[in-house]
Amino acid sequence: MKLVMLGAPGSGKGTQGYQLANYLGIPNISTGDILRQAVSNQTKLGIEAKKYMEAGDLVPDDVMIGIVRERIQESDCEAGFILDGFPRTVPQARALDQMLAEDSDDLDYVLNLNVSGDLLVQRLTSRRVCRRCGKLYNVITNPPPASMVCKECGGEIWQRSDDTEETVINRLEVYDEKTKPLRSYYKRQGKLKVFDGNGTIDEIQHSIREFLDHP
Ligand code: AMP
C-alpha cells in the first residue's frame with residue numbers, strides 16, 4: 001500500500017498518518033520529521049533547511065526529491081509506505097510518479113484532509129510536541145503537564161519554532177499557492193479521496209480505515 005497524506009499544515013495528516021501506519025504495518029515517512037532531525041544533528045542538510053523552515057517556506061524541490069528517493073528505497077518500505085508532507089509541489093508530485101514508475105509501481109491513494117482555515121491557525125499555534133518521541137499535545141484540547149515533561153518518554157515538550165502565529169500564516173499561504181494544486185493533480189489521476197478533517201482524531205481515523213478496507 002503506497003499512500004500520500006495531503007492537507008494543510010495543522011490538518012492532522014501527521015497524527016492520522018502515524019496511526020494508519022501502525023494499523024497497516026508500514027512506515028509513516030514525515031519529511032518534516034526528517035528535516036527536523038537533520039537540523040537538530042546540524043548536518044549539511046539541516047543547516048541548509050533550517051532557514052527555509054524557520055520562515056515557513058519550502059525547502060527546494062531537488063533537495064526534497066533526493067531525500068524521498070533514498071528513503072523509499074530502504075527495506076522497511078518494501079510492503080509500502082505513507083508519505084506525510086511530501087509531495088508539497090507539482091514538480092515533487094511528478095518526480096514521485098516518475099520514481100515509482102521506474103519500478104513499474106504507482107501510488108494507491110492520496111488521502112486529503114479538509115479543515116477550515118480558522119481551525120488550522122488555532123491548531124498550529126496551540127500545538128506542543130515532545131522533542132524526544134514526537135508525541136503531540138495541544139494547550140487547549142490536550143494540555144501538556146505543567147512541568148513540560150512528556151508523559152510518554154520524559155522528554156522535553158516544546159513549541160515548534162515554525163508554529164508561531166507569524167510563521168503559521170506564511171505556511172498557510174505557501175500551502176495555498178504551492179500545495180493546494182496537488183488536489184486537482186491527483187483528482188485527474190483518480191487517486192484523490194477527500195476526508196472531513198474537522199472531526200475528532202478517532203472519527204477521522206475510522207473513516208480512513210473504513211475507506212481503505214472497502215475502497
Ligand atoms: P511539516 O512538519 O510537514 O509541517 O514540515 C515542516 C517544514 O519542513 C515545512 O514548513 C517546510 O519548510 C519543510 N518541508 C517539509 N516537507 C517538505 C517538502 N516536501 N517540500 C519542501 N519543504 C518541506
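Source: prediction; values computed, not measured. In listed order, ligands and their atoms are each counted from 1.
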Legend entry - Glu102, CD atom: more than 12 neighbouring heavy atoms under 6.0 Å: yes
Legend entry - Heavy atoms from other residues, nucleotides or ligands near CG of Asp118 exceed 12 (cutoff 6.0 Å): no
Inset, instruction - Have a look at Arg88, Arg171, Gln92, Glu54 and point out the one with the heavy atom closest to atom 5 (O) of ligand 1. - result: Arg88
Legend entry - Shortest protein contact, atom 22 (N) of ligand 1 (heavy atom only): Val59 N, 3.1 Å
Inset, instruction - Examine Asp84 against ligand 1 and note whether any of their N/O atoms are separated by less than 3.5 Å. - result: no
Inset, instruction - List every atom of ligand 1 that sits less than 4.0 Å from any heavy atom of Thr31, numbering the atoms from 1 in the order shown and giving each element. - result: 15 (C), 16 (N), 17 (C), 19 (N)
Legend entry - Gly85: numbered ligand 1 atoms lying under 4.0 Å from its heavy atoms: 16 (N), 17 (C), 18 (C), 19 (N)
Inset, instruction - Indicate yes or no: does an N/O atom of Arg36 lie under 3.5 Å from an N/O atom of ligand 1? - result: yes
Legend entry - Side-chain ion pair, Asp163 and Arg171, N-O less than 4.0 Å: yes
Inset, instruction - Taking the side chain as every heavy atom from C-beta outward, state whether Phe81 and Lys2 have any atom pair closer than 4.5 Å. - result: yes
Inset, instruction - Kindly check if the number of other-residue, nucleotide or ligand heavy atoms within 6.0 Å of CD1 (Ile201) is above 12? - result: no
Legend entry - Over 12 foreign heavy atoms within 6.0 Å of NZ, Lys187: no
Legend entry - Atom NZ of Lys50 with >12 non-hydrogen neighbours under 6.0 angstrom: no
Legend entry - Polar proximity ligand 1 side, Leu58 side, N/O cut 3.5 Å exclusive: no
Inset, instruction - Within a distance under 4.0 Å of any heavy atom of Asp57, pick out the atoms of ligand 1 and give their elements. - result: 11 (C), 12 (O)
Legend entry - Identity and separation of the nearest protein heavy atom to atom 13 (C) of ligand 1: Leu35 CD1, 3.5 Å
Legend entry - Short N or O distance, Met64 and ligand 1, threshold 3.5 Å exclusive: no
Inset, instruction - Number the atoms of ligand 1 from 1 as they appear, then name those within less than 4.0 Å of a heavy atom of Arg160, with their elements. - result: 1 (P), 2 (O), 4 (O), 6 (C)
Legend entry - Sub-4.5 Å side-chain heavy-atom contact between Arg132 and Glu152: no
Inset, instruction - Heavy-atom distances under 4.0 Å are what count here, so tell me which part of Asp33 touches ligand 1: side chain, backbone, both or neither. - result: neither
Inset, instruction - Please indicate whether Lys44 has more than 12 foreign heavy atoms, meaning atoms of other residues, nucleotides or ligands, lying under 6.0 Å from its NZ. - result: no
Inset, instruction - Under 4.0 Å from a heavy atom of Phe86: give me the atoms of ligand 1 that qualify, with their elements. - result: 19 (N)
